[in-house]
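One structure is given below, encoded as structure tokens.
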Protein chains: 2
Amino acid sequence: MPDDGTAPAPSIRFRSSLGTPLGQNAAKLLLLGSGEIGREVAIEAIRLGAEVIAVDRYANAPAMHVAHRSHVVAMTDGRALRAVIEREQPDVIVPEIEQIDTTELVRLQEDGYAVVPNAAATRITMNRERIRRLAAETGHVRTSRYLLADSVDDARKAAREIGYPCFVKALVSSSGHGMTQVRSARGIERAYREATRHGRVPNRRVMIEESIDFDTEVTLLTVRHYRPNGKPGTTVLAPVGHARPSTVYHESWQPMGFPARVVHGLGDVARKVTGLLGGFGVFGVECFVKGENVYFSEVSPRPHDTGLVTLGSQWNSEFALHARAVLGLPYQGPEPVVPAAAHVILGSAVGWSPTLGGLDRALAERGVRVFLFGKPEAYPDRRLGVTVARGRTIAEARRTAARAAHAIEAAIAFPPRRAAVRA
Amino acid sequence: MPDDGTAPAPSIRFRSSLGTPLGQNAAKLLLLGSGEIGREVAIEAIRLGAEVIAVDRYANAPAMHVAHRSHVVAMTDGRALRAVIEREQPDVIVPEIEQIDTTELVRLQEDGYAVVPNAAATRITMNRERIRRLAAETGHVRTSRYLLADSVDDARKAAREIGYPCFVKALVSSSGHGMTQVRSARGIERAYREATRHGRVPNRRVMIEESIDFDTEVTLLTVRHYRPNGKPGTTVLAPVGHARPSTVYHESWQPMGFPARVVHGLGDVARKVTGLLGGFGVFGVECFVKGENVYFSEVSPRPHDTGLVTLGSQWNSEFALHARAVLGLPYQGPEPVVPAAAHVILGSAVGWSPTLGGLDRALAERGVRVFLFGKPEAYPDRRLGVTVARGRTIAEARRTAARAAHAIEAAIAFPPRRAAVRA
């Protein structure tokens, strides 16, 4: 494999041609999960000339608005998953979320379907224990200290050993859900329940993780792709900085200035971790930086939320690069980055068909663009859109994106009769 | 009206909120014509949170690939046009082509539908005689000299008066079709037949136009939009240069460096002409520059082919600006421009479902992106895609875009049984 000689054989073939979408010769890309990340991947795949099929568990999910067609399917149900894939016969299956029957995905890959980045990587990365072990024990990359616990008592013991403050995390979750920072033994029980309840899959086991007093949290968007000479290669994009008041993605910016030694260390971690996982496409490798030390945290085998900023900072966004890589088309990067920032637009009210107001004030900001996701249902803290701003400096771009995002508010014209349905 | 006080009342209201696409409160944008220009407008409207309906005379037209839904309708048939619009009840009707029953469009506007930029402008601009008279006689902007002719003999007389070389042009045509440069009286008959036959609407009348020995041909992408304070305004983007071996769009680049006096003169013409037409959205104002003199040539009341370069040169492409303006959302421009160029990818073979090859060589170029339009049918010189390249200089970007475009070739796996169907 590309730069490190460890990964499995590529499942995506190098491509020099594309047929016509909706024709017999179409290149068909099937999205498993059709959120805002999937929407941008769909747009870029269609711009390249592919046919896109969007799948999700609910109707009118963001990527369905732009896909050629869509299916509403419980993707955690292996039989339903297989049925839709056998019906569509896609050239490439692109998971966008973690709530998929990955055992069935492995079988589908064995049957000859190309899964992005590969079925094993989607299985490994969705589980904190597995990816931690792979990175720390096989890859020997530095991570925060961690222990596993199967009960509240275990968790208390583990936390004592790790030291406070520490994190209690679900093994399987995404976007920072099921994750609590705990400052003393008193908080463990609640955090344990949160992790086992709000994790994506019911599980008694949780991870207790050292809370590193880091200086910065960054995402290394890392592309595994073909080079123009037909050989696979890895391109690590400029570090994306991000900050979050809680554990969920809130704002990000690119580029994030670091000394050369830190950039080198980050690139090293990104190449090593993605090399262990293999396959093609964009990965979001999350790291902490403390002084000159780099710690690996986790990795998404797909475009990352924090990479929404690349809609403004790069000529090829992470979505364009993902589409290109998973279609087997070559890339010769990296490219220049301009200062930009992204900031989430969150729902507050509960109900269907939200009306997004304050767009006049948001768009009054110079250099800002607004992306609304068209999600049919709103609820508190649901991500309904993102603002992306360019600026002369990162500070200016962050201020602009934040002001614009905060100007936008989702109102519900017809609230549900039973209030607080989701409270 | 904005900067000149002449245009009719705005038909698009200032907007501070948007509902949910496919919900009862959706903002519905209906495209009349669904080509590659419409596809990018659709993408940007959906990103903003609108619901998009694509209409064209054939199935699987480019914008239909990304729209929420589509209709195949003969848009030159007023009854069919009205039927689809009354069924969809769009908030805004966005013509993308000229082959529309504009008389019915006027009636639909009288019935309260918002037409972009307005029904009168779509009528006036599609006819070379009307727009010339408006610009030259009402607006007093400088144009090349021209005469009208209703027969071959008339045309010969007119050409003698104008002088050779001159252009013989259909009154109603688009993308440079039905237009011939004639070098002597011998070429008039053929050019006259070409203009009357290949024009979009059969017409005995043609325009004989002075062939100005210009230095440069440019497009002024001009946006009529709301400002954040709710008042209409006009923003003229940096001039787009373009060159064409024949009369049809072939390559363009932005920015096009001019002395301040020329930029001022161009901006003046753009503001004056678009002010006479009124309404909201992007216009492509085409001008010739000879020394310090600026000549108005023609205007499209919609995003212009040459503006495809803005996919790479501007943070908000002309399509993003069109979507924003026609939805009544504010804009505060202009923004910085980076050097970029666009180059068309043309079909050669005849047939359905072309396979686009050479993508490996095209994408080997650094800084290039490829947009393939997914058109179901190919024929010689049909535009099947475009390459857009960024470069340190315009010269570099043009070379890159050209090399990439020329690397791509459309092959037909199943050619029609009767060869030369369209020859």
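Letters A, B, ... mirror the listed sequences (proteins, then strands); counts begin at 1. Given the structure is predicted, the values throughout are model-derived calculations rather than measurements.
For A:L384, no part sits under 4.5 Å from any heavy atom of chain B, backbone or side chain. With a threshold of 4.5 angstrom between heavy atoms, A:E409 does not approach chain B through any atom at all. At a 4.5 Å heavy-atom cutoff, A:R69 makes no contact with chain B through either its backbone or its side chain. Only the backbone of A:A67 has a heavy atom closer than 4.5 Å to any heavy atom of chain B.
A donor-acceptor contact shorter than 3.5 Å is absent between the side chain of A:R361 and the backbone of B:P228. Judged purely by atom type and a 3.5 angstrom limit, B:R390 has no side-chain atom pairing as donor or acceptor with the backbone of A:E335.
Contacts with chain A (heavy atom to heavy atom, under 4.5 Å) involve these residues of residues 353-360 of chain B, listed by number: B:S353, B:P354, B:T355, B:L356, B:G357, B:G358, B:L359, B:D360. Of residues 338-347 of chain A, not one residue has a non-hydrogen atom less than 4.5 Å from any non-hydrogen atom of chain B. Of all residues in residues 44-51 of chain A, those placing a non-hydrogen atom less than 4.5 angstrom from a non-hydrogen atom of chain B are A:E44, A:I46, A:R47, A:L48, A:G49.
Taken from CZ in A:R369 to CG in B:N316, the straight-line distance is 5.0 Å, to the nearest 0.5 Å. Rounding to the nearest 0.5 Å places CD1 of A:I43 at 5.5 Å from CD1 of B:I43.
By the 6.0 Å contact criterion, CD on B:Q24 is open, its count of non-hydrogen atoms from other residues, nucleotides or ligands being 12 or less.
In terms of heavy-atom pairs under 4.5 Å with chain A, the best-connected choice from B:A362, B:P330, B:G374, B:G19 is B:P330. Among A:I408, A:N25, A:N229, the residue making the largest number of heavy-atom pairs under 4.5 Å with chain B is A:N25. For the set B:Q332, B:R366, B:H65, the entry with the most heavy-atom pairs within less than 4.5 Å of chain A is B:H65. Top candidate by heavy-atom pairs under 4.5 Å with chain A, chosen from B:G312, B:P376, B:G23, is B:G312. When each of B:R15, B:E36, B:R39 is checked for heavy-atom pairs under 4.5 Å with chain A, B:R39 comes out on top.
Annotation: side chain of A:L363 is in contact with side chain of B:R324 (closest heavy-atom distance under 4.5 Å). Side-chain atoms of B:V388 and A:W315, non-hydrogen and from C-beta on, do get closer than 4.5 Å to each other.
Qualifying ring-ring contact (aromatic ring centres under 6.0 Å, His included) partners for A:F14, counting only residues two or more places apart in sequence or in other chains: A:Y226.
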